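Notes to accompany the following structure.
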Amino acid sequence: MLDMSMFRDHADVIRSDHDRRGIPHDSIDEVIRLDGEWRKSRYEADQLRKERNDAARGIAEAKKSGDEAAANAILSEVADIGAKIDELAAYSDECLLKRDSLRMGIPNILHEDVPVGEDDQKNTLHSLHGEKPEFGFEPRNHNDLIDMNGWVDQARGAKVAGSRFYFMQGDLARLEMALQQYGADFLMDRGYTLVQPPLMMNREAYEGVTDLSDFETVMYGIDPDKYYLIATSEHPLTAMRMDEIIEPSELPIKIVGVSPCFRREVGAHGLSDRGIWRVHQFTKVEQIVICKPDDSWDHHEELLGNAIGLWDSLGLHYRVVNICTGDMGTVAAKKYDLEAWLPGAGAYKEVVSCSNCTDYQANRLRMRYRTSEGNSAVHTLNSTAIATSRTLVAIMEQCQNEDGSVSVPEVLRPYLGKNALESL
RNA sequence: GCCGAGGUCGCAUAGCCCGGUAUUGCGCGGGCCUGGAAAGCCCGUGGGAUCUUUCCCUCGCGAGUUCAAAUCUCGCCCUCGGCGCCA
């Protein structure tokens, strides 16, 4: 959510950002109008409240000196003031509520480096990493590899839960655990604190960190308790400090979170999605930074650097892209994706997403830090380190052998105690 | 699940019985003092509006009673403690 000062003093910045995104200005104008209405009615109600408070003080004085007649005189003068205040207050509350629910839907201001374009075809190449693997045979896609090795039981996953649920088993499950451990160790070495978050959140906290439409398409809701299963540990870990005023000495807060992630994946179907590339549940090692506004762009590059260091150490081939305006979403001001090469699919596909959300989440979460000029919103950033299911797919496809076995990346061998994944 | 206690400004606290301007300490920021510091003293330290001067709101949340609610009434949420159940 953008700060109100943006609408009052720099509406032109929001308008030109909407132009870059190719969306209309209606909501901006309406927010500004409602803000004016709110301020006006709020001021009038405040004046009436002042009258009432003055009268109440007068009555208190009169009663203290035993002058009942004077007290009653004041009382009759202000008899109907309460009703007037209620009426104005109801109107001003309504304006405020409308203003802010509209404001929640207005996206963050994009960084100037964000390329303009309508969809992911217009994302720009940032860098290429690792060697594209060459095979002396026709490489298989990961779905064939998990089937022939018995590593994932999709049919029984569908039976006990539903489509896109799965049982992961044997050496692939061991590799999954190794990735979690390795990813967490990698980031702890770089000064990040390991945190395991709650896997469910309440609505209020969740609204602080995500696009509202995600409640329909992404998150699972748990009734009757009104909880939501987290779609990523970014959500609880960012909301962790909501409603807090953070001492500057605590900043930057650097966290590595490890958790299962739950996603409805509404609308995703099709043969190309078979396997574990797009599933309802996976585990993710996530990087989180909460910092002072002036430092956030440096931290954004740091998070990208960590992801690159981690993926380079796995020996995989991938590229980094700079996400364009049309592919950006509501919350981030700038986003890099890492896209791993999948030889079986013959394409680069998204495995890491690295975002600077500036003060957008912090404003909604009322998450501030203390400065000598008062309290000011912090900036929040997040980046995938390892999304296990997709990393497993990249490893399977890039490190596969002709017999269908899969070589384990060097750095993971100590965690598994073997050099290749064996079939079940 | 049952019983009990509690939720007040960044933290800690007083006020609640008996309705009438949110108390004090710590921390933090600024100032005075100093060669410099410490100590001491003074001011500030939640949100908002504003004619820049003042005003309004804020005591877990919401309703009610009242001229007036941190304070009284009702409902809800959360935390802590005890008991029960439990990986």
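All chains are named by letter (A, B, ...) in the order of the sequence lines, taking the proteins before the strands, and each is independently numbered beginning at 1. None of these values were measured; they are calculated from a predicted model.
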Across all strands shown, which nucleotide pairs with [N] by Watson-Crick or G-U wobble geometry, both distances under 3.5 Å?
N      : result
B:rU50 : none
B:rG15 : B:rU8
B:rC2  : B:rG82
B:rU45 : B:rG27
B:rG35 : none

[N] to [M] separation - [atom1] atoms, rounded to the nearest Å:
N      : M      : atom1 : value
B:rC11 : B:rC43 : P     : 24 Å
B:rG20 : B:rC74 : C1'   : 24 Å
B:rC85 : B:rA70 : C1'   : 38 Å
B:rC42 : B:rG47 : P     : 25 Å
B:rG35 : B:rG25 : P     : 30 Å
B:rC26 : B:rA22 : P     : 23 Å
B:rG27 : B:rC33 : P     : 23 Å
B:rU21 : B:rC77 : C1'   : 30 Å

Nearest whole Å is fine: how far is [N] [atom2] from [X] [atom1]?
X      : N      : atom1 : atom2 : answer
A:I246 : B:rG27 : CD1   : C1'   : 17 Å
A:Y369 : B:rU45 : OH    : C1'   : 16 Å
A:I74  : B:rA68 : CD1   : C1'   : 12 Å
A:D46  : B:rG48 : CG    : C1'   : 8 Å
A:K226 : B:rC61 : NZ    : P     : 22 Å
A:E204 : B:rG60 : CD    : P     : 16 Å
A:E250 : B:rC11 : CD    : P     : 12 Å
A:R366 : B:rC9  : CZ    : P     : 16 Å

Legend entry - Nearest-nucleotide 5' precedence on RNA chain B, A:W38 against A:R49: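 Its nearest nucleotide being more 5', the pick is A:W38.
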Inset, instruction - On RNA chain B, check which nucleotide each of A:D54 and A:D35 is closest to and give me the residue with the more 5' one. - result: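 Counting from the 5' end, the first nearest nucleotide belongs to A:D35.
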Inset, instruction - Before giving the answer on side chain to side chain contact (heavy atoms under 4.5 Å, CB included), spell out for A:T380 and A:M367 the whole-Å C-alpha distance, their side-chain angles and the decisive distance to 0.1 Å. - result: CA-CA 10 Å; A:T380 62; A:M367 188 158 68; 3.4 Å; yes
Legend entry - A:K284 and A:E286 ion-paired at < 4.0 Å: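 Salt bridge flag = yes for A:E286 with A:K284.
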Considering every strand and a 4.0 Å limit on heavy-atom distances, what is the contact class for [X]: base, sugar-phosphate, or nothing?
X      : result
A:R368 : sugar-phosphate
A:R203 : nothing
A:R370 : base

Could you please name the option among [options] that lies closest to any side-chain atom of [X]?
X      : options                : result
A:I59  : B:rC67, B:rG46, B:rC51 : B:rC67
A:A56  : B:rC67, B:rU50, B:rG10 : B:rC67
A:N375 : B:rA49, B:rC56, B:rG46 : B:rG46
A:R52  : B:rA68, B:rA49, B:rG47 : B:rA68
A:Y43  : B:rU50, B:rG10, B:rG48 : B:rU50

Inset, instruction - Give a yes or no on whether the backbone of A:T210 and the side-chain of A:H235 come within a donor-acceptor separation of less than 3.5 Å. - result: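 Pair absent, no side-chain N/O of A:H235 close to backbone of A:T210.
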Legend entry - Backbone of A:T283 reached by a side-chain donor or acceptor of A:T388 within 3.5 Å: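 Flag set: sc A:T388 to bb A:T283 pair under 3.5 Å.
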Any [X] side-chain N or O less than 4.0 Å from OP1/OP2 of [N]:
X     : N      : value
A:N53 : B:rA68 : no
A:R42 : B:rC55 : no
A:N72 : B:rC67 : no
A:R57 : B:rU21 : no

Legend entry - Over 12 foreign heavy atoms within 6.0 Å of CE, A:M240: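 Counting other residues, nucleotides and ligands, CE of A:M240 stays at 12 neighbours or fewer.
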Inset, instruction - Measure the acute angle between the ring planes of A:H280 and A:F165, then classify it against the limits of 30° and 60° as parallel, tilted or perpendicular. - result: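 Correct class here is tilted.
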Legend entry - Short side-chain donor-acceptor distance under 3.5 Å, A:H379 and A:D295: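 Absent: no donor and acceptor within the cut-off.
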Legend entry - For A:A11, all residues meeting side-chain contact (heavy atoms from CB on, under 4.5 Å), sequence neighbours excluded: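 So A:A11 forms a side-chain contact (heavy atoms from CB on, under 4.5 Å) with A:R15, A:I32.
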